[in-house]
2 protein chains.
Amino acid sequence: MNQINIETKTKFLRGFADKTRIQILDCLKNGEKPVSQIVKEINGNQSNISQHLACLKGCGIIRGRQEGKYVYYSLRNAQVKQLLQMFDDVLFTVESDVRDCDMNDVCLSSKERSLVHD
Amino acid sequence: MNQINIETKTKFLRGFADKTRIQILDCLKNGEKPVSQIVKEINGNQSNISQHLACLKGCGIIRGRQEGKYVYYSLRNAQVKQLLQMFDDVLFTVESDVRDCDMNDVCLSSKERSLVHD
DNA sequence: GATTGATATTAGCAACAACTAATATGAAGG
DNA sequence: CCTTCATATTAGTTGTTGCTAATATCAATC
């Protein structure tokens with residue numbers, strides 16, 4: 001039974017679908033870090049980051065371990081790290097493949113839309 | 001310059017973050033299909049599917065080609081296909097890794113929450 | 001060129017997700 | 001046991017996303 005439940009899959013992938021969470025993952029790709037350092041590195045709001053960390057953890061993407069008053073977060077396992085690497089690889093190809101054809105103004109929020117046209 | 005713009009990356013990953021879109025991708029993993037067949041296979045609403053297809057295309061994940069009155073959609077390239085495969089692989093590991101520990105009630109909508117507890 | 005079938009687009013609404021500010025918990029050290 | 005520092009939680013608001021129904025476009029065939 002290698003067939004994944006679609007709800008689970010959606011939840012997992014939703015974890016990657018946010019700018020702040022991607023920054024967090026990027027920040028964790030070379031090893032575990034305490035929350036406070038993540039907050040500092042991505043210049044975020046403590047409450048906000050904490051919520052995103054809970055989200056990533058809930059999605060199975062990262063794990064946290066408490067040590068004294070710090071909580072250290074890290075990518076769940078090597079496969080997740082590999083997956084993150086693959087995102088970059090695929091995107092690199094797709095981006096050039098797509099730049100001059102059709103990666104335009106569909107499925108974009110107004111904010112995103114404005115970002116595309118500059 | 002293998003460094004991907006974060007907005008682009010987010011947009012790309014957002015493409016995978018929806019149940020209907022995942023079903024569409026699943027349905028396309030073995031080759032191109034016309035819209036009407038996708039609609040039939042995932043038992044969806046034509047307008048809705050059309051919008052999701054536009055989204056996936058806009059995210060660079062799929063491509064469409066018109067032939068007569070049909071529009072055939074397919075995964076953009078082999079890498080995207082590989083990425084989809086990797087989602088399943090990683091999820092398979094993560095799922096068992098996580099089942100009995102902490103993949104619970106955070107970052108879940110009430111609908112999702114109710115799905116977890118059954 | 002009118003009709004039919006395939007797909008796309010629009011508008012409006014309902015559900016969701018992300019943000020901020022305020023507050024709570026919980027560990028460590030005095 | 002009180003304070004401080006690190007993190008989590010809650011509540012409320014706002015912006016975004018996804019859905020449906022209606023309508024538009026566009027290619028093919030008669």
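Chain letters run A, B, ... following the sequence lines, proteins first, then strands; residues in each count from 1. It should be emphasised that the depicted structure is a prediction, and the values quoted were computed from it without experimental measurement.
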Please report the distance, rounded to the nearest Å, between [atom1] in [X] and [atom2] in [N].
{"X": "A:Asp18", "N": "C:dC16", "atom1": "CG", "atom2": "P", "result": "18 Å"}
{"X": "B:Glu67", "N": "C:dA6", "atom1": "CD", "atom2": "C1'", "result": "14 Å"}
{"X": "A:Glu32", "N": "D:dA6", "atom1": "CD", "atom2": "P", "result": "17 Å"}
{"X": "B:Ile49", "N": "D:dA21", "atom1": "CD1", "atom2": "C1'", "result": "16 Å"}
{"X": "B:Glu7", "N": "D:dT16", "atom1": "CD", "atom2": "C1'", "result": "15 Å"}
{"X": "B:Lys33", "N": "C:dT7", "atom1": "NZ", "atom2": "P", "result": "14 Å"}
{"X": "B:Tyr72", "N": "D:dA27", "atom1": "OH", "atom2": "P", "result": "16 Å"}
{"X": "A:Gln46", "N": "C:dT25", "atom1": "CD", "atom2": "P", "result": "15 Å"}

Is [X] close enough to [N] that one of its side-chain N or O atoms is under 4.0 Å from OP1 or OP2 there?
{"X": "A:Arg14", "N": "C:dC16", "value": "no"}
{"X": "A:Arg21", "N": "C:dA18", "value": "yes"}
{"X": "B:Asn48", "N": "D:dC19", "value": "yes"}
{"X": "B:His52", "N": "D:dT17", "value": "no"}

Quiz item: How would you label the contact of A:Tyr73 with the nucleic acid (heavy atoms, under 4.0 Å): base, sugar-phosphate, or nothing?
Solution: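 Sugar-phosphate: the residue A:Tyr73, judged by heavy atoms under 4.0 Å, touches backbone atoms but no base.
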Practice problem: Could you say whether A:Ser50 or A:Lys69 is positioned toward the 5' end of DNA chain D, judged by the nucleotide with the nearest heavy atom to each? | Solution: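 Looking at the nearest nucleotide for each, A:Lys69 comes out on the 5' side.
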Quiz item: Do B:Lys33 and B:Glu41 sit within salt-bridge range, that is, some charged N less than 4.0 Å from a carboxylate O?
Solution: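 Salt bridge flag = yes for B:Glu41 with B:Lys33.
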Quiz item: Charged N to carboxylate O below 4.0 Å: is that the case for A:Asp26 and B:Lys9?
Solution: yes
Quiz item: Does B:Phe16 have its ring centroid less than 6.0 Å away from the ring centroid of B:Phe87?
Solution: yes
Quiz item: With no angle test and no hydrogens, is the base of C:dT9 tied to the side chain of B:Ser47 by a donor-acceptor pair under 3.5 Å?
Solution: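 Pair found.
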Practice problem: Determine whether any donor atom in the side chain of B:Gln51 lies under 3.5 Å from an acceptor atom in the base of D:dT17, or the reverse, and answer yes or no. | Solution: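 Such a pair does not exist between side chain and base.
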Exercise. Please report the closest heavy-atom contact between A:Pro34 and A:Tyr70, naming both atoms and the distance.
Key: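 Taking every non-hydrogen atom into account, CB-CD2, 4.0 Å.
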Quiz prompt | 5′-ward residue of the pair A:Asn45/B:Ser36 relative to DNA chain C | solution = B:Ser36
Self-check item: Criterion side-chain contact (heavy atoms from CB on, under 4.5 Å) on B:Leu28 and B:Ser74, from CA distance to verdict
Solution: CA-CA 6 Å; B:Leu28 291 180; B:Ser74 55; 5.7 Å; no
